[in-house]
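In what follows, a single structure is set out as structure tokens and then discussed.
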Amino acid sequence: MKKKIAVLHLNVFIKDKIILKDINLDVYENEILSIIGPANSGKSSFLRVINRMLDINSDFRVEGNVFIDGEDIYKTNVNICDLRKRIGIIFALPVPLPLSIYDNLIYGPLLHKKISVERLNGLVEKCLKSASLWEEVKDRLHLSALQLSGGQQQRLCLARSLMVEPEIILFDEPCSGLDPVSTSKVERTMFELKKRYTLILVTNNTKQAARVSDRTAFLLSGKLIEVDQTKQIFTSPKSKLTNDYITGRFG
Amino acid sequence: MNPKLSQIIAKICLGLAMLFTISILIFIIIYILFHGLPILTYQFLSSPIQEMGKKGGIFPSIVSTLYLVITSVVVATPLGVGTAVYITEYTKKNKITDIIQFGSDCLAGIPSIIYGLFGFTFFVIFLGMGWSILSGSLTLAIMMLPTIIRTSEQAIRSVPQSYRDVTYSLGGSKWQGIKNIVIPKALPGILTGVILSMGRALSETAALIFTAGMSIRTPTSIFSSGRSMAVHFYTLAREGLSLPMAYGTASVLIISILFINFISYILMNQYLKKYS
């Protein structure tokens, strides 16, 4: 399998406090890698290092390298906007913009270039279908996105990310606010998406990691304890810490 | 005292405070309109000022007021909103922003006559604009800035960070997020500030006497001198020229303020419906 992301000796500091310590991790094309670990273990920060969202709250420092398709994304001449366009992110709480469903979707593409209405409409339909939302909203695209249910909003956000045609999608605990039915819809969508995209899933729900991911990484206090095939991690992990965490005997 | 009794007493006291405030407001409005409405005819609104205001109408003052309010809003809004956006989005909270904040709060408390004096020495004399609508409007604009900056800033800060993150995550720039999401979302709050400050401009006298002058002719451009309604009212009442005419002018002022608030309230409601 082809390497999509390569992380080498990554240290991340926020306000001089170390958040991630010497992380070495590869992510392959068309896989779902899930990252599990307790709160404050640096999972979300890791995602924000990959799409450089960490840059927004400027007081940080990154050491080591992050390569995407062999290119170091922390080189000085990297175009951050282009990079973020290639890497979608779904936040823990769905963030529909206070606009109609349709306007939410076309917001991303229009940030980058002018596109004809026909092409936009085609793209809207395609992305809503990919996010398994098309059937539920096709007759009310011009209604406010805020009127959708939580699960629908999260899938709308997913569709919105797909609209800018990313290569990698990061999920930051995407189901933490959703009921089991919506959760399973999102998970099924992730299975479909994996055929075309590379997915990284940060989750607090170890069962979810076991259900959907190909490989699982366990982070603890900023250190990568173990990364392996999901089956391996959940049946016979190498580290005792991993074992304690997945069996709920942590602390 | 038992909680139930203190609850009742608190409610009564608070209610009385409210009643007192509201009745003063209503009394003023009714009193002015009672004396002013009989004067309000088409003749009054459309005739020139005659015999220093004892006769005729207030047409020139209406035109001056419109000129002054519109010009000052046009100047102050982009400056004020721009400052607020810069402070909230492009600087981090630190000593310097605190000082700017403190400074602009202080500006809001300076008596208007001091602004008038500044406008007189700077715009009228130094820049040679003379007594004109332009000098008056620029002075008013400076007076409006603190209110507009303060309210815009609060409105912009209340837009959740997550909306900004959405723009970033789709590969948008900071400015695209501000332009497309933050400002539209903050617009009702920003407008509230603009309307509040418009009220201040509409009712200003001291600063305008120094800068826009007292000419009773209808201004033909922003370079003419002109007498706003508030100034005209002040002159009529202060110099005892004609109390009925003063009340008539005051009624027009009050009605226009109510009208502006009413219209903006409707517009804002429609906008909010669309945006949420």
Under a 4.0 Å N-O cut-off, is there an ion pair linking A:R48 with A:D172?
->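 A salt bridge links A:R48 with A:D172.
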
Check ion pair A:E31-A:K4 (N to O, under 4.0 angstrom) =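 A salt bridge is absent here (no side-chain N lies under 4.0 Å from a carboxylate O).
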
Residue selection (most heavy-atom pairs with chain A, distance under 4.5 Å) from B:P160, B:S169, B:S162 =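 Counting heavy-atom pairs under 4.5 Å, the top option is B:S169.
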
Proximity breakdown for [X] and chain B, heavy-atom pairs closer than 4.5 Å:
X      : result
A:R160 : both
A:P109 : neither
A:V95  : both
A:L83  : neither

For the candidates A:V164, A:L170, A:D82, A:L97, which exhibits the highest count of non-hydrogen atom pairs separated by less than 4.5 Å from chain B?
->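 Result: the option with the highest number of such pairs is A:L97.
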
Where is the tightest heavy-atom contact between B:L68 and B:S72, given as atom of each residue plus distance?
->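 Looking at all heavy atoms of both residues, the shortest contact is O-OG, 2.8 Å.
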
Excluding sequence neighbours, so at least two apart, what forms side chain to side chain donor-acceptor pair (under 3.5 Å) with A:Q152?
->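 With neighbours one apart ignored, the set is A:E136, A:S149.
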
Taking salt bridge (Lys or Arg N to Asp or Glu O under 4.0 Å) as the test, write out the residues that go with A:K126, two or more places apart.
->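 So A:K126 forms no salt bridge (Lys or Arg N to Asp or Glu O under 4.0 Å) with any residue.
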
